[in-house]
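Quick notes on the structure that follows.
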Amino acid sequence: MCLAVPAKVLERGEFTAKVESLGNILEVGIMLTPDVEVGQYVYVHSGQAIQVVDATAAQESLALWKELTTNAGDS
Amino acid sequence: MPEILEAFQDAKLSRDLLTMVRKLAAAYREKHGRPMALMEVCGTHTMALARSGIREAVAGEVRLVSGPGCPVCVTSQDDIHRMQVLAAQREAIVCTFGDMMRVPGREGSLQDTRARGGDVRVIYNPVEAVAIAAANPNRPVVFFGIGFETTIPTVAAALVEAERQQITNFYLFTAFKLVTPVLHYLLTLGEVRLDGLLLPGHVSVILGEGDFTFLADQYRVPSVISGFLPVDMLGGIALLLQMGIRGEAQVKNAYPRVVRYEGNPTAKGLVSRYFVPADTKWRGIGIIPGSGLALKPQWEHRDCRYRWPHLWQLEEDTEIAGCRCGEILRGVITPHQCPRFATDCTPVDPVGPCMVSSEGTCAAYYQHLRLAGHREKG
């Protein structure tokens with residue numbers, strides 16, 4: 001039940017936004033992410049956008065995993 | 001999907017991380033003479049670990065213990081019974097999340113209540129219950145509020161919506177559960193050895209890394225906030241093994257693309273506008289102080305407890321006899337150790353909620369690990 005899916009914000013109003021997730025267009029609440037902007041990615045849970053995706057942080061954690069796999073024997 | 005999120009689906013990276021997990025797991029076993037025991041707290045992790053094959057791939061190398069993080073499973077039978085009694089009175093419309101419908105009780109499930117004429121409706125988004133209330137102004141509409149910190153703000157959003165639209169016939173039954181009090185409870189109880197915790201990624205989106213630092217400070221348990229893709233989970237397990245080998249206890253955030261140190265302050269603010277901590281009863285555990293939420297007194301016109309107080313005078317302790325979900329939820333046994341698992345308890349005809357819910361440990365094992373029992377027992 002704590003599933004959340006990524007979705008791209010296509011349009012936004014005051015309390016809701018139109019988003020695209022895995023090819024589906026949905027209307028979701030943005031009361032929990034009031035500063036979200038069109039073009040950003042959000043994670044959607046129970047019909048509400050609960051957080052905006054931080055692309056820089058995503059890059060960094062991906063780099064961490066790649067580094068871990070190359071230093072597997074070092075710890 | 002942007003490229004950066006797609007990159008987390010890379011199969012080669014998953015395989016490389018699995019190789020590394022195995023290396024680290026061997027190093028841990030060499031140092032401690034036993035596999036590291038890690039609890040995945042969240043039911044979504046339980047299902048994702050089973051579905052992705054990770055649980056089987058690391059069997060015998062890392063001990064993965066499933067925790068109490070399935071909201072349908074931990075809801076007390078008494079609370080389900082209250083909603084059944086309410087729906088059976090035919091006055092109110094009861095709205096609930098889908099999995100809740102099939103949890104069997106002494107007098108059947110909510111689905112059976114509906115079959116007998118009770119108006120029980122399945123919704124996906126709590127705001128839908130407000131729309132149902134708007135469409136049925138002459139009937140009280142009750143949302144059976146279950147879920148953890150991830151879901152609670154979405155229910156708060158429904159309350160905001162009800163106020164905004166001036167809907168007076170929308171009520172809430174707060175059967176919410178909080179993750180940090182149950183972690184305190186399990187770590188203090190010490191019934192199961194836990195060398196590390198894989199923390200729930202989406203609960204952490206709301207709470208933030210900061211709310212979990214007590215795990216290192218107070219209990220010295222290595223903990224990693226993890227996402228739900230194989231790369232996220234394997235990376236998280238690897239970080240836990242590294243800490244275990246080095247004898248470190250820290251809380252690490254391995255899901256920074258959506259988890260911030262402070263969580264989501266807007267969501268937390270909305271939750272504290274409506275709710276205060278309250279004691280609540282967990283299936284198979286009992287009452288854990290401060291592990292639930294109640295509506296604040298100024299919102300009592302939305303509170304099910306004030307409108308139908310007789311529901312709290314019903315006989316308690318309606319839990320299902322012979323179901324071992326309680327021990328499963330505390331991580332004491334695995335489904336293969338329950339004699340009813342996959343014999344007279346199956347997803348089609350479940351005995352308890354752990355077999356019903358799409359996040360239940362028994363359902364995860366039934367779907368993906370039914371034949372793995374002999375390995376585990378050996």
Side-chain angles (χ1 to χ4, degrees), chain A residues 1-10 13-17 19-24 26-36 38-75, chain B residues 1-2 4-5 7-8 13 16-17 19-20 23-24 27 42-44 69-72 97 99 124-128 146-148 150-151 153-155 157 160-161 164 200-203 205-206 228 231 234-235 238-239 241-242 245-246 254-260 264 266-267 270 357-359:
Chain A
M1 222 184 76
C2 286
L3 277 176
V5 292
K8 186 180 186 176
V9 178
L10 304 177
E14 195 180 355
F15 302 111
T16 60
V19 302
E20 188 255 303
S21 178
L22 307 171
N24 300 306
L26 312 163
E27 187 172 282
V28 301
I30 52 168
M31 222 179 274
L32 309 175
T33 53
D35 301 324
V36 72
V38 170
Q40 286 183 318
Y41 282 80
V42 291
Y43 269 52
V44 177
H45 170 75
S46 286
Q48 297 287 335
I50 58 169
Q51 191 55 280
V52 179
V53 174
D54 180 340
T56 313
Q59 288 284 9
E60 284 167 10
S61 64
L62 203 58
L64 170 71
W65 299 147
K66 284 184 177 155
E67 192 194 315
L68 268 175
T69 58
T70 52
N71 298 332
D74 296 353
S75 48
Chain B
M1 181 84 64
I4 180 63
L5 292 182
F8 284 88
L13 182 57
D16 291 349
L17 283 166
T19 305
M20 193 214 13
K23 262 188 211 175
L24 291 169
C42 173
T44 309
C70 160
V72 169
F97 291 128
D99 282 350
Y124 159 71
N125 175 352
V127 174
E128 288 169 44
I146 63 154
F148 291 104
T150 324
T151 309
T154 71
V155 181
V160 172
E161 201 56 38
R164 201 166 65 80
H202 294 143
V203 163
V205 165
I206 305 299
F228 299 89
V231 164
L234 288 164
L239 292 180
L241 285 162
Q242 276 188 335
I245 293 164
R246 292 173 185 156
Y255 200 27
R257 60 189 187 272
V258 277
V259 175
R260 323 271 187 260
N264 181 335
T266 307
L270 212 50
S357 172
S358 55
E359 299 195 320

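Within every chain, numbering begins at 1; the chains are lettered A, B, ... in the order of the sequence lines, protein sequences first and strands thereafter.
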* B:Asn264 side chain to A:Ile50 main-chain N or O, any donor-acceptor pair under 3.5 Å? ->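 Looks like yes, one N/O pair under 3.5 Å.
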
* **Residue that, paired with A:His45, satisfies side-chain hydrogen bond (donor to acceptor under 3.5 Å, both in side chains) out of B:Thr154, B:Thr151, B:Thr150, B:Asn125** =>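 For A:His45, the side-chain hydrogen bond (donor to acceptor under 3.5 Å, both in side chains) check succeeds only for B:Thr151.
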
Select, from [options], the one with the greatest count of heavy-atom pairs under 4.5 Å involving chain A.
options	result
B:Ile206, B:Thr266, B:Leu241	B:Thr266
B:Ala267, B:Ala254, B:Ala157	B:Ala157
B:Val231, B:Val127, B:Leu234	B:Val231

Could you tell me the separation between the [atom1] atom of [X] and the [atom2] atom of [Y], rounded to the nearest 0.5 Å?
X	Y	atom1	atom2	result
B:Glu161	A:Phe15	CD	CZ	7.0 Å
B:Phe97	A:Ser46	CZ	OG	4.0 Å
B:His202	A:Gln51	NE2	CD	10.5 Å

* Take A:Leu62 and B:Leu13, measure what side chain to side chain contact (heavy atoms under 4.5 Å, CB included) needs, and give me the verdict at the end. => CA-CA 9 Å; A:Leu62 203 58; B:Leu13 182 57; 3.9 Å; yes

For residues [X] and [Y], report the shortest heavy-atom separation together with the two atoms involved.
X	Y	answer
A:Ala58	B:Arg257	CB-CB, 3.7 Å
B:Pro256	A:Asp54	O-CB, 4.2 Å
A:Trp65	B:Leu17	O-CD2, 4.0 Å

* Answer with side chain, backbone, both or neither: which region of B:Leu270 has an atom nearer than 4.5 Å to a non-hydrogen atom of chain A? =>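 The side chain, not the backbone.
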
* With sequence neighbours excluded, what pairs up with A:Gln40 under the side chain to side chain donor-acceptor pair (under 3.5 Å) test? ->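 Here no residue qualifies.
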
* chain B: which of A:Ser61, A:Ala4, A:Ala7 shares the most heavy-atom pairs with it under 4.5 Å? ->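 Going by pairs under 4.5 Å, I would pick A:Ala4.
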
